[in-house]
Amino acid sequence: MRSHTAYLTLNTAQRCEIVNITDRVEAELAKSGIKEGLCLVNAMHITASVFINDNEQGLHRDFLRWTEKLAPYSVDGYDHNRTGEDNGDSHLKRTIMGREVVVAVTEGELDFGPWERIFYGEFDGQRQKRVLVKIIGE
Ligand code: ZN
């Protein structure tokens with residue numbers, strides 16, 4: 001069995017933002033040379049997500065509006081912020097949108113369903129963060 005590990009770096013312009021990272025994951029798969037296996041992609045921070053959905057800008061705005069409605073940004077609205085942080089909302093948004101995805105690798109390609117793409121969901125951005133890509137197989 002072979003494995004390939006990569007750390008993608010992201011630094012979003014907005015505090016909350018959705019970024020399509022499919023091409024970057026596919027580039028790592030190509031580098032790995034693995035033809036059959038599994039590809040794990042996870043956010044390495046507890047205020048950011050990795051999820052799979054449609055690459056449609058309206059849907060991305062819907063996700064951002066929906067998470068903001070469920071967990072609105074509020075400096076004094078969360079017990080977590082009594083620690084001196086202001087990102088209580090970001091932790092909740094991350095949990096709603098998920099930590100990681102696993103995609104099957106078949107014949108050297110990510111074996112997506114129709115319209116599936118991989119996205120990074122940032123909920124406390126404007127600083128450097130990492131995403132782990134781990135591909136195992138042969
Ligand atoms: Zn925090």
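The chain is numbered in sequence order, starting from 1. Both ligands and their constituent atoms are indexed starting at 1 by order of listing.
In terms of modelled atom types and a separation under 3.5 Å, the side chain of Arg127 and the main chain of Thr12 share no donor-acceptor contact.
In summary, Ser90 places no N/O/S atom under 2.8 Å from the Zn ion (ligand 1), failing the contact criterion. When distances to the Zn ion (ligand 1) are checked against a cut-off of 2.8 Å, Glu85 contributes an N, O or S atom below that limit.
His80 has its closest N, O or S atom to the Zn ion (ligand 1) at the position named NE2.
Here Glu68 does not pair with Arg65 in a salt bridge; the nearest charged N to carboxylate O distance is not below 4.0 Å.
Under the 6.0 Å cut-off for aromatic ring centres, His60 and Phe119 qualify, their centroids lying closer than that.
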Check: Please walk me through it: do Glu122 and His45 pass side-chain contact (heavy atoms from CB on, under 4.5 Å)?
Finding: CA-CA 9 Å; Glu122 177 60 79; His45 300 262; over 6 Å; no
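Vertex the Zn ion (ligand 1); arms to His91 atom NE2 and Asn87 atom OD1; angle 100° (nearest 10°).
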